[in-house]
Amino acid sequence: MTLKVTDGEEGEWAVLRVSGELDLVTSPALRQRVHDAVAEGRHHIVLDLADVFFCDSSGVGVLIATRRLIRSCQGSLRLILPARGAVDGSHVNRVLGALGVRRLFDVYPDLAAAVEDETGEESSPLSA
């Protein structure tokens, strides 16, 4: 399976909808899309990972690198990781939790919740 990334916008938020597998082979494509968005001046990014059904350590590495890049730009990164998604539950959510890094991210159940506060101020993300 491949990775598919589609671009969108919600107010000041660049929204990258990601689906498929986020692994050693496909994660560089997501990294590049994030870098492209930042190069275009988009420093408030939502990564919709609801349809990612596999994520390995390379994918987690891209998420952590994205967090670091966005923070260096004084931007905001929000992840969409629903409790149930990508067929039988959010694989990414489980992987981040198992690795103990989920707490590093502002996690929301859907796009509406993620972009609710358009000022970039932190609203109420799901607990880590």
Side-chain angles (χ1 to χ4, degrees):
M1 183 73 179
T2 61
L3 182 77
K4 181 178 178 186
V5 182
T6 56
D7 298 322
E9 290 185 20
E10 287 287 331
E12 70 177 10
W13 294 93
V15 179
L16 298 177
R17 289 177 180 87
V18 185
S19 61
E21 298 179 4
L22 188 53
D23 59 20
L24 180 63
V25 174
T26 62
S27 60
L30 178 58
R31 182 186 308 264
Q32 186 60 52
R33 295 295 283 273
V34 168
H35 281 270
D36 291 347
V38 171
E40 293 168 3
R42 306 305 306 261
H43 298 156
H44 299 290
I45 296 179
V46 174
L47 292 180
D48 184 347
L49 305 173
D51 292 325
V52 173
F53 60 84
F54 178 79
C55 180
D56 69 6
S57 60
S58 301
V60 173
V62 167
L63 297 178
I64 292 171
T66 296
R67 178 182 180 271
R68 189 171 33 244
L69 174 63
I70 296 301
R71 288 174 61 106
S72 74
C73 299
Q74 286 76 46
S76 302
L77 173 66
R78 295 179 178 176
L79 305 184
I80 297 175
L81 295 171
R84 306 277 317 152
V87 184
D88 63 344
S90 176
H91 178 77
V92 178
N93 204 8
R94 291 192 310 266
V95 169
L96 295 177
L99 294 174
V101 296
R102 187 176 181 277
R103 63 183 168 71
L104 298 176
F105 299 97
D106 292 324
V107 177
Y108 295 82
D110 55 42
L111 183 59
V115 299
E116 185 175 274
D117 179 7
E118 293 190 15
T119 64
E121 297 295 322
E122 298 307 317
S123 59
S124 301
L126 297 175
S127 60

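Since this is a predicted model, take the numbers as computed values, not measurements.
Panel note: side chain R78, backbone A114; a donor-acceptor pair is recorded below 3.5 Å. D56 contributes a side-chain N or O that, together with a main-chain N or O of L24, makes up a donor-acceptor pair within less than 3.5 Å.
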Q: Would you sort out whether L22 and S27 count as a side-chain contact (heavy atoms from CB on, under 4.5 Å), showing the intermediate values?
A: CA-CA 5 Å; L22 188 53; S27 60; 3.9 Å; yes
Q) Does the pair T6 and K4 meet the rule for a side-chain contact (heavy atoms from CB on, under 4.5 Å), with working shown? A) CA-CA 7 Å; T6 56; K4 181 178 178 186; 3.7 Å; yes
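Closest non-hydrogen pair, G97 versus R102, comes out as N-CB, 4.0 Å. Residues F54 and V52 come closest through the heavy atom pair O-CG1, 3.3 Å. The heavy-atom pair separating V5 from L3 by the smallest distance is CG2-CD2, 4.0 Å. Between W13 and S76, the closest heavy-atom pair is CH2-CB, 3.4 Å. A pairwise comparison of heavy atoms in R17 and G8 identifies NH1-CA, 4.2 Å as the closest pair. A pairwise comparison of heavy atoms in V95 and C55 identifies CG2-O, 3.7 Å as the closest pair.
At least one side-chain heavy atom of L96 sits less than 4.5 Å from a side-chain heavy atom of V60. For the pair V46/E10, no side-chain contact is recorded, criterion being any heavy-atom separation below 4.5 Å from C-beta on. Residues V18 and D51 have side chains not in contact (no heavy-atom distance under 4.5 Å, counting atoms from C-beta outward).
The CD1 atom of I80 lies 10.5 Å from the CG atom of L16; values are rounded to the nearest 0.5 Å. In this structure, the separation between CG on L79 and OH on Y108 is 10.0 Å, given to the nearest 0.5 Å. Separating the CD1 atom in I45 from the CD atom in E12 is a distance of 11.5 Å, to the nearest 0.5 Å.
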What pairs of donor and acceptor atoms, side-chain ones from residues 62-71 against any protein atom, are under 3.5 angstrom apart with sequence neighbours left out?
unit_1, atom_1, unit_2, atom_2, d
T66, OG1, V62, O, 2.8
R67, NE, L104, O, 2.7

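Cluster annotation: L99 and L47 are assigned to the same hydrophobic cluster (Ile/Leu/Val/Met/Phe/Trp/Tyr, side-chain heavy-atom contacts under 4.5 Å, transitive).
The existence of a salt bridge linking E9 and R42 is confirmed by a sub-4.0 Å separation between a basic side-chain nitrogen and an acidic carboxylate oxygen.
For residues 26-36, the set of pairs meeting the salt bridge (charged side-chain N to carboxylate O under 4.0 Å, His left out) definition, not counting sequence neighbours, comprises D7-R33.
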